[in-house]
Amino acid sequence: MSLQFSRIIGTGSYLPPTVVSNDELAARLAKDGIETSDEWIVSRTGIRQRHLVADGVQTSDLATAAAQRALAAANKTPHDTALLIVATSTPDFIFPSTACTVQAKLGNQGAAAFDVQAVCSGFVYALTTADSFVRAGRARCALVIGAEVFSRILDWRDRGTCVLFGDGAGAVVLEASEQPGIQAAQLHADGSLTNILCVPGNVAHGQVTGDPFLRMDGQAVFKQAVSVLEKSARETVAQAGLTIDQIDWLIPHQANLRILSFLAKKLGCSMDKVVVTVDQHANTSAASVPLALDLAYRDGRIKPGHEVLMQGVGGGFTWGSVVARM
Ligand code: UT7
C-alpha cells in the first residue's frame with residue numbers, strides 16, 4: 001500500500017468566549033478620545049464583532065483547545081501525531097516555540113514540534129510544510145494549528161488597525177493516505193514589502209527596542225492582497241489539475257469582506273462558494289483559515305469529497321494557496 005498523499009481527517013477550532021461588537025468597541029475607544037463607528041467598520045471591512053482573550057490567556061491555550069477538538073473529530077489521540085506545527089505571530093514566548101508548549105499541554109512528548117512565522121499566511125505555510133513531511137514518510141500523522149492573540153500587539157489608539165483584528169485558533173489533523181488529500185500547494189513571499197504590514201520592534205538587553213505594535217499601510221496591503229490572491233488561486237488550482245469552477249469552496253484569509261468580494265469577482269466565482277467568517281471573527285491572522293474551514297465543515301457546507309481552496313496572505317509580504325480534497 002503506497003501512502004503517497006496526505007489528507008485532512010479532522011478539524012477543530014476555539015474562540016475565546018468574550019465577544020466585543022463594533023458598538024462596544026467604539027464606546028471603549030471613545031473613552032480615550034478615539035472616534036470610530038459600527039457604520040465605518042462594517043462598510044469598510046464587513047467586520048461586525050470579534051472575540052478577544054482575557055488577561056493571562058495565551059496563544060498556546062487557544063491552540064491546545066482547537067487541537068483537542070481536531071483530534072476528537074479525527075478520532076485520534078495526541079500520541080498518534082508525530083509532528084505538531086503551530087502557525088503564529090503572537091507566540092507565548094520568544095522561545096521555546098508555542099508548538100512545544102502546546103505539545104506539553106496535549107501530552108505527546110517526543111513528537112517533532114515547531115512554529116511557523118508567516119503572519120496571516122502562516123496556516124497555509126504550516127499545512128504545506130506538514131503535507132511535505134507526511135508525503136515524504138517523515139510523519140504519518142500531523143497536527144497543524146493556526147493560533148493568535150493579535151489583541152496583544154494592537155495599538156488601541158490607532159483606529160486604522162485596532163478595529164480589524166480578533167483572537168482565536170483553528171487546527172487540522174493530517175494523515176498519510178492512498179487517496180488525495182492535499183492536491184496542490186504554492187507558497188510565495190516578497191521581502192521587499194516588509195514595511196506595509198509589520199510589528200517593527202524587538203526585545204534586546206531587557207527592553208523593547210523600536211515599536212512593538214502592529215503597523216499597516218491599509219491601502220497597499222489591500223491592493224497587494226487582491227492581486228496576489230487571484231494569481232495564486234489560478235496557479236494552484238491549475239497545479240491540482242482543476243478549474244476554478246471545480247472548486248466547491250474558497251476559503252481565503254479573512255481580512256476584509258471587500259477583499260473577499262473582489263477576489264471572488266476576479267475569479268468569476270459566486271460569493272455563495274466563499275466561506276465568510278470575517279464578519280463574526282474579524283481578522284484572526286494565522287487562525288482565520290482553519291477557523292473558517294472548521295466552521296464550514298461542522299455546519300455541513302463542506303462535505304467529504306469537496307475540493308477546497310485555502311489561501312493565506314499577509315505580513316512579510318507572504319502569500320500562498322492549498323487545494324485540498326476533503
Ligand atoms: O491580513 C491582512 C490585514 N490587512 C488588511 O486586510 C487591510 C487591508 N486594507 C483595508 O482593509 C483598508 O485599507 C482599511 C479597512 C484598513 C482602511 O480602509 P480605507 O478605505 O483604505 O481607509 P483609509 O485608510 O484611506 O482611511 C479613510 C478615512 C481616514 O480619514 P480621513 O483622512 O479621510 O479623514 C481615516 O482616518 O477613514 C479614517 N479611518 C477611520 N474612521 C473611523 C480609519 N480608520 C477608521 C476607523 N473609524 N476605525
Side-chain angles (χ1 to χ4, degrees), residues 20-50 87-90 117-125 146-151 153-168 170 188-190 193-200 213-230 232 251-264 274 276-279 281-292 310-321:
V20 178
S21 71
N22 289 345
D23 281 332
E24 285 166 315
L25 184 59
R28 279 189 204 182
L29 296 179
K31 287 184 192 151
D32 293 322
I34 314 288
E35 245 183 80
T36 189
S37 64
D38 177 59
E39 194 279 325
W40 192 96
I41 300 169
V42 172
S43 65
R44 302 286 174 128
T45 71
I47 295 165
R48 294 183 181 277
Q49 61 175 43
R50 72 283 296 138
T88 188
S89 298
T90 47
Q117 221 282 35
V119 201
C120 303
S121 310
F123 179 75
V124 167
Y125 265 68
E148 303 278 17
V149 290
F150 254 52
S151 58
I153 53 166
L154 298 175
D155 178 354
W156 292 97
R157 293 156 307 164
D158 175 8
R159 66 179 183 172
T161 55
C162 73
V163 302
L164 304 176
F165 295 90
D167 303 327
H188 296 284
D190 180 350
L193 297 173
T194 48
N195 60 331
I196 66 173
L197 180 52
C198 54
V199 180
F213 293 119
L214 182 148
R215 302 297 174 201
M216 181 174 72
D217 176 344
Q219 290 185 3
V221 170
F222 194 105
K223 280 185 204 139
Q224 194 66 23
V226 178
S227 112
V228 298
L229 285 175
E230 183 200 0
S232 168
I251 309 186
H253 168 50
Q254 305 284 314
N256 181 317
L257 188 56
R258 286 192 299 151
I259 294 179
L260 303 189
S261 311
F262 261 67
L263 176 67
V274 182
V276 177
T277 56
V278 67
D279 54 333
H281 304 164
N283 180 346
T284 56
S285 190
S288 92
V289 169
L291 260 165
M310 291 174 263
Q311 296 198 276
V313 64
F317 206 73
T318 55
W319 64 98
S321 304

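In listed order, ligands and their atoms are each counted from 1.
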Polar pairs, ligand 1 vs protein, N/O only, below 3.5 Å.
from: ligand 1; atom 1: 1 (O); to: H253; atom 2: NE2; distance (Å): 3.0
from: ligand 1; atom 1: 1 (O); to: N283; atom 2: ND2; distance (Å): 3.1
from: ligand 1; atom 1: 9 (N); to: G218; atom 2: O; distance (Å): 2.9
from: ligand 1; atom 1: 11 (O); to: N256; atom 2: ND2; distance (Å): 2.5
from: ligand 1; atom 1: 13 (O); to: G218; atom 2: O; distance (Å): 3.3
from: ligand 1; atom 1: 20 (O); to: R44; atom 2: NH1; distance (Å): 2.6
from: ligand 1; atom 1: 21 (O); to: Q219; atom 2: NE2; distance (Å): 3.3
from: ligand 1; atom 1: 22 (O); to: R44; atom 2: NH1; distance (Å): 3.2
from: ligand 1; atom 1: 25 (O); to: Q219; atom 2: NE2; distance (Å): 2.7
from: ligand 1; atom 1: 36 (O); to: R159; atom 2: NH2; distance (Å): 3.0
from: ligand 1; atom 1: 37 (O); to: W40; atom 2: NE1; distance (Å): 3.2
from: ligand 1; atom 1: 41 (N); to: W40; atom 2: NE1; distance (Å): 3.3
from: ligand 1; atom 1: 47 (N); to: T36; atom 2: OG1; distance (Å): 2.7
from: ligand 1; atom 1: 48 (N); to: T36; atom 2: OG1; distance (Å): 3.0
from: ligand 1; atom 1: 48 (N); to: R159; atom 2: O; distance (Å): 2.9

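Considering every non-hydrogen atom in both G166 and R50, the closest pair reads CA-CB, 4.0 Å. Taking every heavy atom of both residues into account, T88 and Q117 meet most closely at O-CG, 3.6 Å.
The shortest distance between side-chain heavy atoms of L29 and V163 falls below 4.5 Å. The closest side-chain heavy-atom distance from Q254 to L260 is below 4.5 Å.
Between the side chains of Q311 and S321, at least one donor N or O sits under 3.5 Å from an acceptor N or O.
More than 12 heavy atoms of other shown residues, nucleotides or ligands fall within 6.0 angstrom of atom CZ in F222.
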